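Model, not experiment: these values are computed from the prediction.
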Amino acid sequence: MPAPVLLVVAHGSRDPRHAATVHALTARVRSLRPGLRVETGFLEFNAPSVPRILERLNAEAAGSTSGATEVVALPLLLTRAFHAKTDIPSVLREARSRLPRLRIRQAGVLGPSPLLLTALEQRLYEAGLTAADKRSTGLVLASAGSTDPEAIAVIAEIARELRHTGWCAVQPAFASASSSAGFPPTGDAVRALRAEGVSRVAVAPYVVAPGRLPDRIVAGAAEARADVLSEVLGASPALARLLLRRYDEALTARTLLLSA
């Protein structure tokens with residue numbers, strides 16, 4: 001039997017850079033594990049949709065004894081908030097009820113993970129910083145934003161972890177004031193570090209792909225005159241490895257469940 005299909009579930013965006021970045025990431029995943037079937041589906045705005053991908057896989061399973069009958073749906077999300085808790089489970093439940101030939105399992109979200117911190121710092125080094133610069137640089141950890149307490153707590157903990165890796169100060173921020181839920185928008189976070197006496201401030205977007213909210217991070221960094229702005233995580237090698245790790249963990253959890 002073929003290995004379970006890895007279905008990467010992205011949110012989607014009207015910004016064409018979003019889908020292009022997601023596809024570049026999944027292409028890197030394929031290159032890391034040749035032979036693994038990796039599909040990409042979107043919740044909205046982009047095609048193919050998650051239900052359409054699952055319908056196609058179900059039809060293949062019905063028409064061939066060699067078709068994959070198991071799918072690991074992996075949310076391309078950094079925190080466990082509304083989409084991971086509500087949207088994606090709802091889509092998968094509906095698919096399970098209509099597509100009896102498929103066994104569908106939802107993997108865990110990407111974060112938190114040391115691999116995400118590796119990807120984040122690699123982007124900062126690509127933007128011109130070095131490891132030696134960390135002790136004299138304040139870092140704004142800028143994520144898209146959430147009102148979910150679990151997601152907010154995770155971002156706060158990541159900021160604390162980064163502080164312990166050598167940055168002279170770390171300030172979490174959200175893309176806009178409307179979603180801040182206690183964290184300032186990016187520009188205010190930059191100014192707060194300046195007020196603390198930090199002379200050099202770097203902004204690190206803690207997001208997977210470009211889009212409307214990441215653009216607000218970029219605008220906030222520019223408005224507050226941050227010294228360094230790194231790129232989104234994108235098709236980072238560390239992020240691709242993390243997708244495969246979450247896939248493997250989902251398979252291990254399935255094995256444990258079946259043997260219990």
Please report the closest heavy-atom contact between [X] and [Y], naming both atoms and the distance.
X	Y	answer
Leu239	Gly234	CD2-O, 3.2 Å
Ser199	Asp227	O-OD2, 3.6 Å
Ala175	Thr186	CA-OG1, 4.4 Å
Pro184	Ala189	CG-CB, 4.0 Å
Arg101	Ala61	CD-C, 4.1 Å
Pro172	Ala159	CD-CB, 3.9 Å

Taking [Y] as the starting point, is it possible to reach [X] by hopping between hydrophobic residues whose side chains are less than 4.5 Å apart?
X	Y	answer
Leu162	Leu115	yes
Val22	Tyr247	yes
Val8	Leu32	yes
Trp167	Ile158	yes
Leu116	Leu139	yes

Within 6.0 angstrom of [X] [atom1], more than 12 heavy atoms from elsewhere:
X	atom1	result
Glu231	CD	no
Arg30	CZ	yes
Arg245	CZ	no
Arg96	CZ	yes

Could you please spell out the steps behind the side chain to side chain contact (heavy atoms under 4.5 Å, CB included) verdict for Ile152 and Phe174? CA-CA 10 Å; Ile152 293 168; Phe174 280 163; 4.2 Å; yes
Side-chain contact test, heavy atoms from C-beta onward, threshold under 4.5 Å: evaluate it for [X] versus [Y] and give yes or no.
X	Y	value
Leu92	Leu54	yes
Ser230	Pro205	yes
Leu6	Val29	yes
Leu76	Val9	no
Leu74	Leu243	yes
Ile88	Gln106	yes
Leu57	Leu102	yes
Glu161	Leu117	yes

Which other residues end up in the same hydrophobic cluster as Val232, if Ile, Leu, Val, Met, Phe, Trp and Tyr are linked when side-chain heavy atoms come under 4.5 Å apart? Val140, Val190, Leu193, Val198, Val201, Val203, Val207, Ile217, Val218, Leu229
Hey, does the side chain of [X] reach the backbone of [Y] with a donor-acceptor pair shorter than 3.5 angstrom?
X	Y	value
Arg28	Ala235	yes
Arg105	Val71	no
His18	Gly12	yes
Arg80	Lys85	no
Asp148	Phe82	no
Arg103	Thr69	no
Thr21	Arg17	yes

Determine whether Glu55 and Leu99 satisfy the following criterion, side chain to side chain contact (heavy atoms under 4.5 Å, CB included), listing intermediate values before the conclusion. CA-CA 7 Å; Glu55 288 164 5; Leu99 308 172; 4.2 Å; yes
Nearest 0.5 Å please: distance from the [atom1] atom of [X] over to the [atom2] atom of [Y].
X	Y	atom1	atom2	result
Leu120	Thr118	CG	OG1	9.5 Å
Leu141	Gln171	CG	CD	9.5 Å
Ile155	Tyr206	CD1	OH	5.5 Å

I would like to know whether Tyr125 and Thr130 meet side chain to side chain contact (heavy atoms under 4.5 Å, CB included); could you show each step before the answer? CA-CA 6 Å; Tyr125 298 151; Thr130 68; 5.5 Å; no
List the steps, then state whether side chain to side chain contact (heavy atoms under 4.5 Å, CB included) holds for Leu36 with Leu244. CA-CA 10 Å; Leu36 174 64; Leu244 289 172; 3.7 Å; yes
One thing to verify: whether Glu94 and Arg98 come together as a salt bridge, which I'm taking to mean a side-chain N less than 4.0 angstrom from a carboxylate O. yes
Sidechain N-carboxylate O distance under 4.0 Å for Arg191, Asp188: yes
Which residue pairs satisfy the salt bridge (Lys or Arg N to Asp or Glu O under 4.0 Å) criterion with at least one member in residues 114-133, sequence neighbours excluded? Glu121-Lys134, Arg123-Glu126, Asp133-Arg200
Return a table of donor-acceptor pairs under 3.5 angstrom between the side chains of residues 37-44 and protein atoms on other chains or two or more places apart.
unit_1: Arg37; atom_1: NE; unit_2: Glu39; atom_2: OE2; d: 2.9
unit_1: Arg37; atom_1: NH1; unit_2: Glu60; atom_2: OE1; d: 2.7
unit_1: Arg37; atom_1: NH2; unit_2: Glu39; atom_2: OE2; d: 3.0
unit_1: Arg37; atom_1: NH2; unit_2: Glu60; atom_2: OE1; d: 3.3
unit_1: Arg37; atom_1: NH2; unit_2: Glu60; atom_2: OE2; d: 3.1
unit_1: Glu39; atom_1: OE1; unit_2: Arg56; atom_2: NH2; d: 3.3
unit_1: Thr40; atom_1: OG1; unit_2: Thr26; atom_2: OG1; d: 3.3
unit_1: Glu44; atom_1: OE2; unit_2: His11; atom_2: NE2; d: 2.8

